[in-house]
Amino acid sequence: FMKHLTLIALIVLLGFGACVQAASEPDLGAVTRDGRQVLLKSDHTWDFVQFEEGDPSTSAVLTVTRVWDMQDACKLQFRLQNNLGYKIHALVPRFAIVNKEGIVYDNPSISFTSIMPTKNKYTEIQISGVGCHAMSQVKLIDAARCRMGELDQWNEKEGECLSHIYLEPSEEINISK
């Protein structure tokens, strides 16, 4: 009888330990091949991450200002307008470039530094190997490397820097979060 009781107690304790370990594992962010963000939860389920579109009057507003479509390359000019009310020390948006077949071709980043409130800065990026005409979508997927206001890469929650960016729709290229 004692052997069975000990065995049952051991099984219960091991099961409890596995539950505690699973509960203590943090959620994990991931990006699908087509650029969508997914939250892999510690309970072994997942959800697509939905981003709230902020108010442009209180956000960092990212705009595609010019597009150069070359045969085997695409050059994009971006403007970042700081409407946050505090200095943007650094902000590095990352994109997924999706081709017509729905495959992520590249994941380039752009960098903005030292933008005072109410001011803006421009930067350009060139994607080699695929023309703008061969892209189905440019998707803003991340902005984890930021330093602005109270946020920096050490204390931001998943997607928090990205949530401060308002992405202006473009008539020149299909761009979205």
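These numbers come from a predicted model, not from an experiment.
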Exercise. Does a side-chain heavy-atom distance below 4.5 Å link Leu151 with Glu160?
Worked result: yes

Problem set entry | Over all atoms of both residues, closest heavy-atom pair of Ala73 and Ser128 | CB-CA, 4.2 Å

Problem set entry | Pairs where residues 55-82 contributes a residue and the test ring pair (Phe, Tyr, Trp, His ring centres under 6.0 Å) is met, not counting sequence neighbours | Phe78-Phe95

Seminar exercise, completed: Nearest heavy-atom approach of Met135 to Ile173 is SD-CD1, 4.2 Å

Exercise. Hey, any chance Leu140 and Leu76 share a hydrophobic cluster, counting ILVMFWY side chains that come within less than 4.5 Å of each other, even indirectly?
Worked result: yes

For this session: For residues Thr58 and Leu84, determine if any side-chain heavy atom of one lies less than 4.5 Å from a side-chain heavy atom of the other.
Result: no

Exercise. Do the non-hydrogen side-chain atoms of Arg79 and Lys121 ever get within less than 4.5 Å of each other?
Worked result: no

For this session: Kindly give the heavy-atom pair with the smallest separation between Val61 and Glu168, and that separation in Å.
Result: CG1-OE2, 3.9 Å

Exercise. Do the side chain of Ser170 and the main chain of Glu172 share a donor and acceptor less than 3.5 angstrom apart?
Worked result: yes

Exercise. Quick one: are Val98 and Asn174 in side-chain contact, heavy atoms under 4.5 Å?
Worked result: no

For this session: List for me each residue that meets salt bridge (Lys or Arg N to Asp or Glu O under 4.0 Å) alongside Glu124, sequence neighbours excluded, and say none if there are none.
Result: Lys75

For this session: Measure from the side-chain N and O atoms of Asn83 to the backbone N and O of Pro56, and report whether any donor-acceptor pair falls under 3.5 Å.
Result: yes

Problem set entry | Gln137-Ser176 side chain donor-acceptor pair, cut-off 3.5 Å | yes

Exercise. Short question: side chain of Ser59, backbone of Asp55 - any donor-acceptor pair under 3.5 Å?
Worked result: yes

Exercise. Is there a donor-acceptor pair under 3.5 Å between the side chain of Asn82 and the backbone N or O of Tyr86?
Worked result: yes

Exercise. Within the distance-only criterion (no hydrogens, no angle test), does the side chain of Asp69 pair as donor or acceptor with the backbone N or O of Cys132 below 3.5 angstrom?
Worked result: yes

Problem set entry | NZ/Lys119: more than 12 non-hydrogen atoms of other groups inside 6.0 Å | no

Exercise. Between Trp46 and Lys41, does a side-chain contact (heavy atoms from CB on, under 4.5 Å) hold up when you go through it step by step?
Worked result: CA-CA 6 Å; Trp46 59 272; Lys41 298 180 181 183; 5.9 Å; no

Exercise. Glu101: what forms a side-chain contact (heavy atoms from CB on, under 4.5 Å) with it, not counting sequence neighbours?
Worked result: Asn99, Ile103

Exercise. Just how far is it from atom CD of Gln71 to atom NE2 of His133, taken to the nearest 0.5 Å?
Worked result: 7.0 Å

Exercise. Other than Met116, which residues form its hydrophobic cluster under the rule that side-chain heavy atoms must be closer than 4.5 Å?
Worked result: none

Seminar exercise, completed: Closest heavy-atom pair, Ala143 versus Cys161, reported as atoms and distance to 0.1 Å, is O-CB, 2.9 Å

For this session: Let me know which of Leu167, Ile175, Val138 forms a side-chain contact (heavy atoms from CB on, under 4.5 Å) with Val64.
Result: Ile175

For this session: Mark yes or no for whether Gln81, through its side chain, and Thr118, through its backbone, hold a donor-acceptor pair below 3.5 Å.
Result: yes

For this session: Compare every heavy atom of Cys74 with every heavy atom of Gly131, then report the nearest pair and how far apart it is.
Result: C-CB, 4.0 Å

Seminar exercise, completed: Residue pairs meeting disulfide (SG to SG under 2.5 Å), one or both in residues 89-127, sequence neighbours left out, come to none

Exercise. Heavy-atom distance under 4.5 Å between the side chains of Leu62 and Tyr166, does that happen here?
Worked result: no

Seminar exercise, completed: In short, Ala60 meets Leu80 closest at the heavy-atom pair CB-CD1, 3.9 Å

Show every donor-acceptor pair shorter than 3.5 Å between a side-chain atom in residues 108-115 and any protein atom, with sequence neighbours excluded, or say none if there are none.
none

For this session: State whether the side chain of Lys177 and the backbone N or O of Ile165 hold a donor-acceptor pair below 3.5 Å, judged by distance alone.
Result: yes

Exercise. In the single-linkage hydrophobic clustering (I, L, V, M, F, W, Y; side-chain heavy atoms under 4.5 Å), do Val92 and Ile97 co-cluster?
Worked result: no

